[in-house]
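See structure below.
Each chain gets a letter, A, B and so on, in the order the sequences are listed, and its residues count up from 1. These numbers come from the heavy atoms of this one structure, side chains and all, not from hydrogens, waters or symmetry mates.
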Amino acid sequence: MPKRKSAPAEEPEGEPARRRSVRLQKPEDATPKPGDAGARKRVKATKKEAPEPEAEEPAAAKKAAPAKSKTTKAAEDATTTNGTAAPEGEPGQRNYWLLKAEPESRLENGVDVKFSIDDLAARTEPEPWDGIRAYAARNNLRAMKKGELAFFYHSNCKEPGIVGTMEIVREHTPDLSAHNPAAPYYDPKSSPSDPKWSVVHVKFRSKFPAPVTLKQLREMGGAGGPLANMQMLKQSRLSVSRVSEGEWEAVLKVMEGK
DNA sequence: GCCAACGTTGGC
DNA sequence: GCCAACGTTGGC
């Protein structure tokens, strides 16, 4: 399963195209309202196959992950294992995060997974950051606390970089989109009775006047630089990473200089 | 548990 | 579209 799945394999019957981008949303996740929610994010892709109708409605999707097979447990351990665990939330200590989404159209399981900072800014309800299908990324999602802030990063596009900020408004809840065969990041290995994946809900906070590009981030990531230990630079494939307070401030400083 | 093969992410 | 980096799987 290539990440891009390209075509539509099956079309979801239920939902033809959903929204703009990425995932769709569905409100099921818990959150309140139905409306919009769902969204995007990227994680890995998954596969699609097997449709088990368990899903509940269409859900949203995002990226998926590799689901693997069997060993569920093993997998989970793995999860934990590599999971980059998140920093523990120290009491009183505030953590910052970086979440990646793709601002350009791309089909995943037949669904366009595009989701940009502008898409988030247009939302009127908390947006579920769904589709994460990598344990390390998921573990970081689970470590997020309400009120914490995160950077919105545009990946797999013309100008990769941090384009704005958002706030975690709801801590992790099960990512039900994983059970929807029509969702972009459907994961047949996850069951409603034992959900493997999680979402957090976020809300838009700001859009930078100009992106802080990946190129700039790397320049600040050199030895001795303010981003020398930044997780996203060290683990380029991680779609949900941790950001220290110093890193957060260094990026904002660059943004302000623009 | 180690580690090689595999498969995905994501920049270019 | 290519391909390097690296996370995940699965045999041993």
| remark: Sequence neighbours excluded, the answer for salt bridge (Lys or Arg N to Asp or Glu O under 4.0 Å) partners of Lys146(A) is none

Measure [atom1]/[X] against [atom2]/[N] and give the value in whole Å, please.
X: Met232(A); N: dG7(C); atom1: CE; atom2: P; result: 13 Å
X: Arg106(A); N: dG10(B); atom1: CZ; atom2: P; result: 9 Å
X: Lys234(A); N: dG10(B); atom1: NZ; atom2: P; result: 18 Å
X: Ile132(A); N: dG7(C); atom1: CD1; atom2: P; result: 15 Å
X: Glu102(A); N: dG10(B); atom1: CD; atom2: P; result: 7 Å
X: Asn139(A); N: dT8(C); atom1: CG; atom2: C1'; result: 14 Å
X: Lys158(A); N: dG10(B); atom1: NZ; atom2: C1'; result: 13 Å
X: Arg138(A); N: dG7(C); atom1: CZ; atom2: C1'; result: 15 Å

| Side-chain ion pair, Lys196(A) and Asp187(A), N-O less than 4.0 Å | yes

Side chains of residues 211-228 of chain A: which donor-acceptor partners sit under 3.5 Å, not counting sequence neighbours?
from	atom 1	to	atom 2	distance (Å)
Thr213(A)	OG1	Gln216(A)	N	3.2
Thr213(A)	OG1	Gln216(A)	OE1	3.4
Gln216(A)	OE1	Thr213(A)	N	3.0
Gln216(A)	OE1	Lys258(A)	NZ	3.1

| request: Report the relative orientation of the aromatic rings in Phe208(A) and Phe151(A); use parallel for angles under 30°, tilted for 30 to 60°, perpendicular for over 60°. | output: perpendicular

| said: Give the residues of residues 210-219 of chain A touching DNA chain B, defined as any heavy atom closer than 4.0 Å, sorted by residue number. | reply: Leu214(A), Arg218(A)

| DNA chain B contacts among residues 220-228 of chain A, heavy-atom distance under 4.0 Å | none

| field | Which atom of Thr165(A) lies closest to which atom of Ser206(A), heavy atoms considered | value | OG1-OG, 2.6 Å

| said: If I compare all heavy atoms of Arg142(A) with all of Ser198(A), which pair ends up nearest, and what's the gap? | reply: NE-OG, 2.8 Å

| task | Can you sort out the partners of Ser244(A) under side-chain contact (heavy atoms from CB on, under 4.5 Å), two or more places apart, ordered by chain and number? | result | Glu247(A)

| What pairs with Glu167(A) under side-chain hydrogen bond (donor to acceptor under 3.5 Å, both in side chains), at least two apart in sequence or on another chain? | Arg205(A)

| task | Would you indicate which nucleotide in dG11(B), dG10(B), dT8(C) comes nearest to any side-chain atom of Lys100(A)? | result | dG10(B)

| query | Can you name the one residue among Leu120(A), Asp118(A), Val163(A) that meets side-chain contact (heavy atoms from CB on, under 4.5 Å) with Lys207(A)? | reply | Asp118(A)

| said: Please confirm whether the shortest side-chain N or O distance from Gln235(A) to OP1 or OP2 of dA5(C) is below 4.0 Å. | reply: no

